[in-house]
Protein chains: 2
Amino acid sequence: MRYEKGHKDATRKHIVKVASERFRRDGVEAVGVAGLMADAGLTHGGFYSHFASKEELVRAATVDALEGGRAQLARAAIDGGLEGIVRAYLRPAHRDASARGCAFAALTPEIARHPRATRATFTGEFKAHVDLIASHLPEKDAGENQRAALAIFSLMMGALQLARAVVDKDLSDRILQSGTDAALALANAGAVARDGVSS
Amino acid sequence: MRYEKGHKDATRKHIVKVASERFRRDGVEAVGVAGLMADAGLTHGGFYSHFASKEELVRAATVDALEGGRAQLARAAIDGGLEGIVRAYLRPAHRDASARGCAFAALTPEIARHPRATRATFTGEFKAHVDLIASHLPEKDAGENQRAALAIFSLMMGALQLARAVVDKDLSDRILQSGTDAALALANAGAVARDGVSS
DNA sequence: CATATATTATGATGATCATCATGCAATAAT
DNA sequence: ATTATTGCATGATGATCATCATAATATATG
C-alpha cells in the first residue's frame with residue numbers, strides 16, 4: 001500500500017470537514033469540486049475515489065456539521081438548560097461565523113431542492129435537533145413538547161438567517177434579541193394553546 | 001423603431017416575472033441567464049440591454065416577488081387580521097408552491113451571501129414586511145410591536161422553510177401547525193417579556 | 001415607398017462545472 | 001532489495017456559466 005494504513009480515511013474526513021465549512025459559507029451550489037479539493041490541499045482527480053458524487057459529499061458534510069452543532073447546543077444546555085441553547089444559538093458571534101455555524105440556518109432552502117436521499121438525511125438530523133430542544137422543556141406530555149420544540153427551533157433558525165441577511169446592524173441585533181425573548185416566552189408558556197380550526 | 005413603443009418595457013417586466021419564479025423555485029445560483037431567457041421565450045443575447053448584470057435582475061426579481069407577497073398578506077389581513085396573515089403564510093398550499101411563494105423563505109440564506117446592494121434592497125423589503133405585521137398587532141407602543149413582529153416573521157419564515165425541506169409529510173404538517181399556533185400565541189401575548197441580561 | 005433606428009438574435013469569449021480514464025509515486029508486503 | 005498495490009495527480013470530457021460585440025430584422029418615421 002502506498003500510504004500508511006488509515007491515510008485514506010483521514011483524507012476523507014478532512015475533505016468532509018473542509019466541505020462542511022465551505023458549503024455553510026458559500027452555499028452548496030457555489031462550491032465546485034475542484035476548488036474544494038484545492039482548499040483541502042489536494043487536486044480534483046482523487047475526489048471520486050472518496051465519494052460517488054458531489055451529492056454524497058453534501059450528505060456527509062451536512063451530517064458532520066449538524067452533529068457538531070447539536071453537540072455544541074447540548075453543551076450549552078448543561079449549565080443553561082433551554083435558555084442556554086437559545087442564547088448560544090442567537091448570539092451575535094454565531095450570526096457572524098456562518099462557516100462554523102448551524103447548517104440548517106445556512107442551507108435549509110437549498111437542501112429543500114436537493115434529491116430525496118439528501119432531504120431524508122436532513123430530516124433525521126432535524127428530528128434529533130428537535131428532540132434535544134424538547135428534552136429541555138418543562139415536562140408536559142411528549143407530543144406537546146415536540147410541538148413547542150418545532151416552533152422554537154423554527155423561530156431560532158429564521159431569526160438567525162434574517163439577522164445575517166440584513167444590512168442594518170441595529171436591525172440585525174434587534175432580530176436576535178427579539179428572537180431570544182420570543183423563544184424563551186414560548187418555552188416558558190409551556191404548552192402553546194392548541195388551535196381548534198383545522199386549516 | 002423596430003417594435004411598438006413600450007415593447008421593451010413589457011419585455012423587461014416579463015423577464016423579471018419569469019426570473020422571480022425561477023429564482024424562488026431553483027435558487028439564484030442554479031439559474032443561468034441563457035436558460036432564463038429561453039424560459040421567457042427569448043435568446044440570451046438581449047439580456048444585457050435590459051439589465052447591467054445578473055445581480056441587477058436579482059434585485060428587480062426579489063423586489064417584484066416581495067411586493068407581490070406583501071400585497072397578498074395585506075389582502076389576507078383585511079378579513080382575518082394578523083391571524084389571517086399567519087394562516088395564509090403557513091398553509092400547506094404555500095409550502096407546496098415555492099415558485100410563487102415568499103421570496104424570503106426561498107432565498108434568505110442565499111441573499112445573505114450576495115453583494116451589499118442586493119442585501120440593502122432585501123433589507124428594505126424586510127422592513128416593509130415587518131411593518132405590515134406590526135400594524136396588525138394589538139396596539140402597544142411601537143417599539144414593542146416591532147420587536148414582536150420581528151419574532152413572528154422569523155418564526156413564520158423558518159417554519160415554512162423547514163416544512164419544505166423535510167421528507168416526512170406528517171412532520172411537515174406538524175411544523176406548519178405548531179408554527180401557526182406559536183405565532184398566534186406570540187401575537188396575543190402582547191409584548192414579549194423583555195429580558196434584562198444583555199448577551 | 002424608403003430609410004433610420006430600436007430591439008432582439010447569433011455567435012464567441014474564457015472560465016468553471018461534475019465526472020472519469022489513465023499515469024505516477026511511494027510504501028507495504030514479500 | 002524487489003515487486004505489487006494503493007492513493008492521489010494529471011489531464012481531458014462536453015456542458016454551462018456570465019458577459020459582450022456584432023449582425024439581422026421589423027416597424028416608425030420621413
Side-chain angles (χ1 to χ4, degrees), chain A residues 1-23 25-62 107 110-111 113-118, chain B residues 1-20 22-23 25-62 107 110-111 113-118 121:
Chain A
M1 298 152 189
R2 178 169 155 210
Y3 285 77
E4 306 105 70
K5 210 162 46 167
H7 203 153
K8 187 172 185 181
D9 258 28
T11 300
R12 186 194 151 102
K13 283 191 176 67
H14 179 58
I15 296 171
V16 168
K17 189 155 228 56
V18 170
S20 89
E21 296 208 1
R22 290 227 43 209
F23 286 159
R25 199 184 60 199
D26 302 324
V28 172
E29 183 94 28
V31 175
V33 171
L36 185 73
M37 292 293 277
D39 275 11
L42 301 167
T43 57
H44 62 281
F47 180 83
Y48 289 88
S49 74
H50 288 284
F51 306 96
S53 64
K54 184 186 174 186
E55 199 62 34
E56 187 181 304
L57 173 63
V58 171
R59 287 191 287 274
T62 52
L107 301 175
E110 193 170 1
I111 292 293
R113 305 174 200 116
H114 275 246
R116 187 180 180 86
T118 302
Chain B
M1 297 153 188
R2 179 167 155 211
Y3 284 79
E4 306 104 71
K5 212 164 42 169
H7 203 153
K8 187 173 184 181
D9 257 28
T11 300
R12 186 194 150 102
K13 283 191 177 68
H14 179 57
I15 296 171
V16 167
K17 191 155 225 54
V18 171
S20 90
R22 290 227 43 210
F23 286 158
R25 198 185 59 200
D26 301 325
V28 173
E29 183 94 29
V31 175
V33 171
L36 185 72
M37 291 294 277
D39 276 11
L42 302 167
T43 57
H44 62 281
F47 180 83
Y48 289 89
S49 73
H50 288 285
F51 306 95
S53 64
K54 184 186 174 187
E55 199 63 34
E56 186 179 305
L57 173 63
V58 171
R59 286 191 288 273
T62 53
L107 300 175
E110 193 170 2
I111 292 292
R113 304 174 201 117
H114 274 246
R116 186 180 181 86
T118 302
T121 301

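This one's a predicted model, so the numbers in the text were calculated from it and none came from an experiment.
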Can you check whether [X] has a side-chain N or O nearer than 4.0 Å to OP1 or OP2 of [N]?
| X | N | value |
| --- | --- | --- |
| A:S53 | C:dT19 | no |
| A:Y48 | C:dC20 | no |
| B:H50 | C:dT8 | yes |

Between A:R113 and B:D26, does any side-chain N to carboxylate O distance fall below 4.0 Å?
no
Within the structure shown, what part of the strands sits under 4.0 Å from [X] by heavy-atom distance: base, sugar-phosphate, or nothing?
| X | answer |
| --- | --- |
| B:G32 | sugar-phosphate |
| A:S49 | nothing |
| A:T11 | sugar-phosphate |

In whole angstroms, how far is the [atom2] atom of [N] from the [atom1] atom of [X]?
| X | N | atom1 | atom2 | result |
| --- | --- | --- | --- | --- |
| A:M37 | C:dT19 | CE | C1' | 13 Å |
| A:L36 | C:dC17 | CG | P | 10 Å |
| B:R12 | C:dA6 | CZ | P | 18 Å |
| B:D26 | D:dT16 | CG | C1' | 15 Å |
| A:D9 | D:dT6 | CG | P | 15 Å |
| A:H44 | D:dT13 | NE2 | C1' | 11 Å |
| B:F47 | D:dT22 | CZ | C1' | 19 Å |
| A:K8 | D:dT6 | NZ | P | 10 Å |

With no hydrogens and no angle check, just 3.5 Å: does a side-chain donor-acceptor pair link B:T121 and B:R59?
no
Are the side chains of B:V33 and B:F51 in touch, meaning some heavy atoms are under 4.5 Å apart?
no
Note, B:F23 side chain near B:E110 side chain (heavy atom, < 4.5 Å)
no
If you draw a 6.0 Å radius around NZ in B:K17, do more than 12 non-hydrogen atoms from other residues or ligands fall strictly inside?
no
Can you work out whether B:L42 or A:V33 has the more 5'-proximal nearest nucleotide on DNA chain C?
B:L42
Which residue lies more 5' along DNA chain C, comparing A:E29 with A:G46 via nearest heavy atoms:
A:E29
